Amino acid sequence: MGREVVVTGLGIVTPLDCGEGIDAFWKKLCKGENSIRPIKSFSTSGHKCNVGGEVAGFESYLNDPFFKEHDRCLKLFALACKQALEASKLNPSSERIGITFGTILGGIESGEEYLDSLFLNKTSRKKNLLNDYSVNSIPAYIAKRWHLSGPNISVNTACSSSADALGIALNEIKQGRIDVMLAGGADVLSEFVFQGFSALDALTKDGLVRPFDKNRTGLALSEGAGVMLLEEREHALKRKANIYAQLIGFSSSIDAYNLVRPRGDGEGLSLAINKAVTESGIKLDELDYINAHGTGTVYNDSIETKAIKRSLGKKAYGLKISSIKSMIGHTLGASAVIEAISCVMTMLTGIIPPTINHETADPECDLDYVFNKACEKEVNVSLSLSAGFGGQNGVVLLGKGSK
């Protein structure tokens, strides 16, 4: 048997918990609480949408002078890393630990501030704006803060970014190059990304995110961070670590079709599902639950449903499916790892979080979605699906820690 990879630490920051931690996140998620609100950090005047998911007050939980003058995206990721390290009870100074970091826009807040100071003569609030803007600077600062000398890898593959970060970390450990990796992602809600999605007419028009509902009108942009501490199983057992779950498979693909719209038949995402399942060695009958990408856009939800059917056939109708984006919005490059963490919590608690705001059935979305209220079910194996712009697809396959 080859090297197995387990999850021994979790860190999460979303608009639901605002940095309070995994227990607060999970409690509110399972209650079906909606964190999508009118945006306060910038003006949405002139747009059809005025809502998003903002993380308020999380800095009080970070409380680290090292990050005081740095970018918001770095701070989000730093808090998630801090939580994961603390949960793992691993001493960073005693281990060679690597980092894989997935993001779409990284330090876009610093980029916007730099341009304001350059062209609008606005006074900058902090120094080194371009240092914080660089995507690779975020994991580099994390490495500096906790003295992590392993591989330090930044990934930008649209909304699949943190799925690919998990997959790269998985392979680093399985190939024996390292025993411990921090893997995750972060993105912030910015005026730049809001303007872009608004121009594409992809944002919700009624203030709600309604995945798989016939009357869905679009997604809500959000911000957040998620981190898993991944560890080789024997390494974890030797130090008597708490094992949350096992990362048993990963695959990625690209539709090679359109720079924005996914391929209509779901073939690209289906290919990634097939590869992840096949290479993990599990059987389709072992799958229990899918945490869907589920953005609430017309195209994504119907095409994702087609992809699931394409890969799983009749088995697709026997699986529970939910989309937590209905509650926390689309956290961009962080979404995949946040949703993978949700899968871990589902396996630990036997609770599947709901897809809220559902009112009207869509005949094109006819699988067993968990609508409006959480349900109880023993889940031993779960899939987390990601499907981003450019047809970037990422599939993460997780199992219970004892599997």
Side-chain angles (χ1 to χ4, degrees), residues 11-15 19 41 52-55 58 62 67 70-84 98-114 128-145 148 151-169 181-194 196-197 219 221-228 230 250 252 254 293 295 325 328-341 384 386-390 392-394 396:
I12 197 160
V13 189
T14 76
S41 58
E54 295 178 301
V55 182
F58 74 94
L62 180 58
F67 299 107
H70 283 290
D71 187 89
R72 182 176 178 83
C73 187
L74 173 57
K75 290 177 182 178
L76 285 167
F77 190 57
L79 179 53
C81 287
K82 177 185 176 183
Q83 292 174 356
I99 304 171
T100 49
F101 170 68
T103 189
I104 297 176
L105 294 166
I108 186 64
E109 180 194 51
S110 291
E112 289 179 339
E113 191 173 334
Y114 174 78
N128 301 322
L129 287 172
L130 291 186
N131 286 348
D132 280 7
Y133 174 67
S134 173
V135 168
N136 67 291
S137 70
I138 294 174
Y141 278 124
I142 297 297
K144 182 178 180 181
R145 167 61 182 85
L148 310 181
N152 197 279
I153 302 167
S154 301
V155 186
N156 185 335
T157 48
C159 305
S160 298
S161 295
S162 56
D164 287 327
L166 288 170
I168 291 168
M181 292 286 290
L182 278 172
D187 261 311
V188 297
L189 178 60
S190 70
E191 187 171 5
F192 175 83
V193 73
F194 185 89
F197 274 78
L219 59 86
L221 290 169
S222 186
E223 61 186 2
V227 172
M228 287 184 176
L230 302 178
F250 164 79
S252 66
I254 189 167
H293 189 60
T295 60
K325 287 187 179 74
I328 66 171
H330 194 338
T331 53
L332 302 171
S335 62
V337 68
I338 289 172
E339 289 156 17
I341 289 170
S384 179
S386 299
F389 276 0
Q392 291 284 166
N393 305 297
V396 177

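If you're wondering where the values come from, they're calculated on a predicted model, not measured in any experiment.
- Looking at Thr295, its side chain never comes within 3.5 Å of a backbone N or O of Leu219 through a donor-acceptor pair.
- Expressed to the nearest 0.5 Å, how far OG of Ser161 lies from CG of Leu166 amounts to 11.0 Å.
- The distance from the CG atom of Leu332 to the CD1 atom of Ile108 is 11.0 Å, given to the nearest 0.5 Å.
- Side-chain N or O atoms of Glu223 include one that pairs as donor or acceptor with a backbone N or O of Val55 at under 3.5 Å.
- The minimum heavy-atom distance between Ile254 and Gln392, with the atom names listed, is CD1-OE1, 3.6 Å.
- When all heavy atoms of Val227 and Ala84 are compared, the closest pair comes out as CG1-CB, 3.8 Å.
- Using modelled atom types, one side-chain atom of Glu54 and one backbone atom of Ser41 make a donor-acceptor pair closer than 3.5 Å.
- Distance OG/Ser190 to CZ/Arg72: 11.0 Å, rounded to 0.5 Å.
- The backbone N or O of Asp187 lies less than 3.5 Å from no partner atom in the side chain of Thr103, so there is not a single donor-acceptor pair.
- Contact between Asp71 and Ser110 at its shortest, heavy atoms only, is OD1-OG, 2.6 Å.
- Minimum heavy-atom separation, Ala169 to Met181: CB-CB, 3.9 Å.
- Rounded to the nearest 0.5 Å, atoms OG1 (Thr157) and CZ (Phe389) are 14.0 Å apart.
- With hydrogens and angles ignored, the 3.5 Å screen pairs a side-chain donor or acceptor of Gln83 with a backbone N or O of Ile12.
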Exercise for the section: May I have the step-by-step check of side-chain contact (heavy atoms from CB on, under 4.5 Å) for Phe101 and Val337, ending in yes or no? Expected result: CA-CA 10 Å; Phe101 170 68; Val337 68; over 6 Å; no
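- The shortest side-chain heavy-atom distance between Phe67 and Ile142 falls under the 4.5 Å cut-off.
- Using modelled atom types, no side-chain atom of Asn393 and backbone atom of Ser252 make a donor-acceptor pair closer than 3.5 Å.
- Judged by distance alone, with hydrogens and angles left aside, the side-chain atoms of Ser386 form no donor-acceptor pair with the main-chain N or O of Ser160 at under 3.5 Å.
- Between the OG1 atom in Thr331 and the CD atom in Glu339 there is a gap of 6.5 Å [rounded to 0.5 Å].
- Residues Phe77 and Gly226 share a closest heavy-atom pair of CE1-O, 4.4 Å.
- Proximity of a side-chain donor or acceptor of Ser162 to a complementary backbone N or O of Gly185 within less than 3.5 Å is not detected.
- Side-chain atoms of Asn152 come within 3.5 Å of backbone atoms of Pro139 as a donor-acceptor pair (strictly under, hydrogens ignored).
- In terms of heavy atoms, Ala165 sits closest to Gly102 at CB-N, 3.9 Å.
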Handout entry: Derivation and outcome, side-chain contact (heavy atoms from CB on, under 4.5 Å), residues Phe250 and Asp164
Key = CA-CA 8 Å; Phe250 164 79; Asp164 287 327; 3.1 Å; yes
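- Within the 4.5 Å cutoff, side-chain heavy atoms of Ser335 are placed close to those of Lys325.
- Atom-to-atom distance recorded for Leu62:CG and Leu74:CG is 8.5 Å, nearest 0.5 angstrom.
- Ring geometry, Phe197 versus His330: the interplanar angle exceeds 60°, so the pair is classed perpendicular (tilted spans 30 to 60°).
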